[in-house]
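Reminder, nothing fancy here: chain letters follow the sequence lines and each chain counts from 1. This one's a predicted model, so the numbers in the text were calculated from it and none came from an experiment. The basis for the numbers below is simple: all heavy atoms, side chains too, and nothing from hydrogens, waters or symmetry mates.
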There are 2 protein chains.
Amino acid sequence: MDLLFKALADPGRRTLLDRLHANDGQTLGELCRHLDMTRQGVTQHLAVLEAANLVAVQRRGREKLHFLNPVPLQDIYERWICKFERPRLVALRDLKRRLEDGGRGATRTKGGKR
Amino acid sequence: MDLLFKALADPGRRTLLDRLHANDGQTLGELCRHLDMTRQGVTQHLAVLEAANLVAVQRRGREKLHFLNPVPLQDIYERWICKFERPRLVALRDLKRRLEDGGRGATRTKGGKR
DNA sequence: TTGACATGCAAGTATTCTCTTGCCTATTAT
DNA sequence: ATAATAGGCAAGAGAATACTTGCATGTCAA
């Protein structure tokens, strides 16, 4: 989990993820072409993304294709978003109730306690 | 967004978030008491979390209460999880289809192309 | 084989983080 | 007022990161 957040903590690496999302399976050269980083910089960032399992590679002759792997992002969701969003959902539910109460004067919302 | 990921990229800070999630509104001293970091270390980490808007503070006399703010986590979800999970969902849908096809011999699933 | 292309590797430097140390201010209780 | 408690501030050391440079390896086409 540490490698994952560390990997995401750099703007250049997040840009790379966006590029791969827009066009998956790019080679190193293709990625470099549209970014103002040196090739070596991109290589090193890609290595960090690989270590975090956010990018998978496949060799094709002398080229190296890079593919996005969204699974670790899902892990973040389950460990750090789901768990922490409950208060927010509760707040939204309460807000909704209050709006409904104010608008129609009803105390119970449809569906009741659920 | 950069401050946010940077804030989450440290294990100590993630521990602090967990502590606040377990027991919201703790003072600096309370947080220190159960962590093997120095008070100054905790202070600095909390400052980073504040800068990322993950923690909100409230003064009470000479004490400082710390509250978790999950909204930035939701922002991560919308920018980095939602957007990237589609391939995964597609994969799951395909898997489901294949399972249904194998189990019942049907080619089309309910709901059609959608 | 030879030249061009795509990528790999490693060392050096500069920047940024993290942790520690030492002292200071503000509030509470006696 | 005094002591104890809760927290604040800032400089410095050490570690981790990010970026750059130079050269090396492997692959393709002619």
Study note, to complete from the structure: Separation between CG (B/D24) and CG (B/N69), nearest 0.5 Å, reads 10.0 Å
**Study point:** Basic-acidic side-chain contact under 4.0 Å: A/K6, A/D2
**Key:** yes
Review point. Quick one: A/L16 CG to D/dA18 C1', roughly how many Å, whole number?
Key: 14 Å
Review point. Got a second to check how far B/Q44's CD is from B/D10's CG, nearest 0.5 Å?
Key: 11.0 Å
Exercise for review: Mind telling me whether A/W80 and A/F5 have parallel, tilted or perpendicular rings, with 30° and 60° as the class edges?
Suggested key: perpendicular
Practice item. In whole angstrom, give the distance that lies between atom CZ of A/R39 and atom C1' of D/dT21. Key: 11 Å
Point to revise | 5′-ward residue of the pair A/H45/A/R59 relative to DNA chain D | key: A/H45
Practice item. Would you mind classifying the nucleic acid contact of B/R13 as base, sugar-phosphate or nothing, using non-hydrogen atoms under 4.0 angstrom? Key: sugar-phosphate
Point to revise | Under-3.5 Å donor-acceptor pair between A/Q44 side chain and D/dT20 base | key: yes
Practice item. Send over the distance from A/L49 CG to D/dA18 P, rounded to a whole Å. Key: 11 Å
Practice item. Round to the nearest Å and state the distance from B/Q40 atom CD to C/dT20 atom P. Key: 9 Å
Review point. Can you check whether B/T43 has a side-chain N or O nearer than 4.0 Å to OP1 or OP2 of D/dG7?
Key: no
Exercise for review: Determine: side-chain N/O of A/T38 to OP1/OP2 of D/dT21, distance under 4.0 Å, yes or no.
Suggested key: no
Study note, to complete from the structure: Checking C/dG8, D/dA18, D/dG8 against the side chain of A/D10 (C-beta onward), the nearest is D/dA18
Review point. How close or far is atom C1' of C/dC17 from atom CG of B/D2, stated in whole angstroms?
Key: 14 Å
Check your understanding: Just how far, in rounded Å, is P of C/dC9 from CG of A/L28?
Key -> 12 Å
Revision key, fill the gap. Out of D/dT5, D/dT20, C/dT7, minimum distance to the side chain of B/R62 belongs to D/dT5
**Study point:** Comparing A/E63 and B/K6 on DNA chain C - which has the more 5′ nearest nucleotide
**Key:** A/E63
Point to revise | Separation of C/dT7 C1' from A/L65 CG (nearest whole Å) | key: 12 Å
Point to revise | Separation of B/L68 CG from B/D18 CG (nearest 0.5 Å) | key: 9.0 Å
Review point. Quick one: B/L35 CG to C/dC19 P, roughly how many Å, whole number?
Key: 12 Å
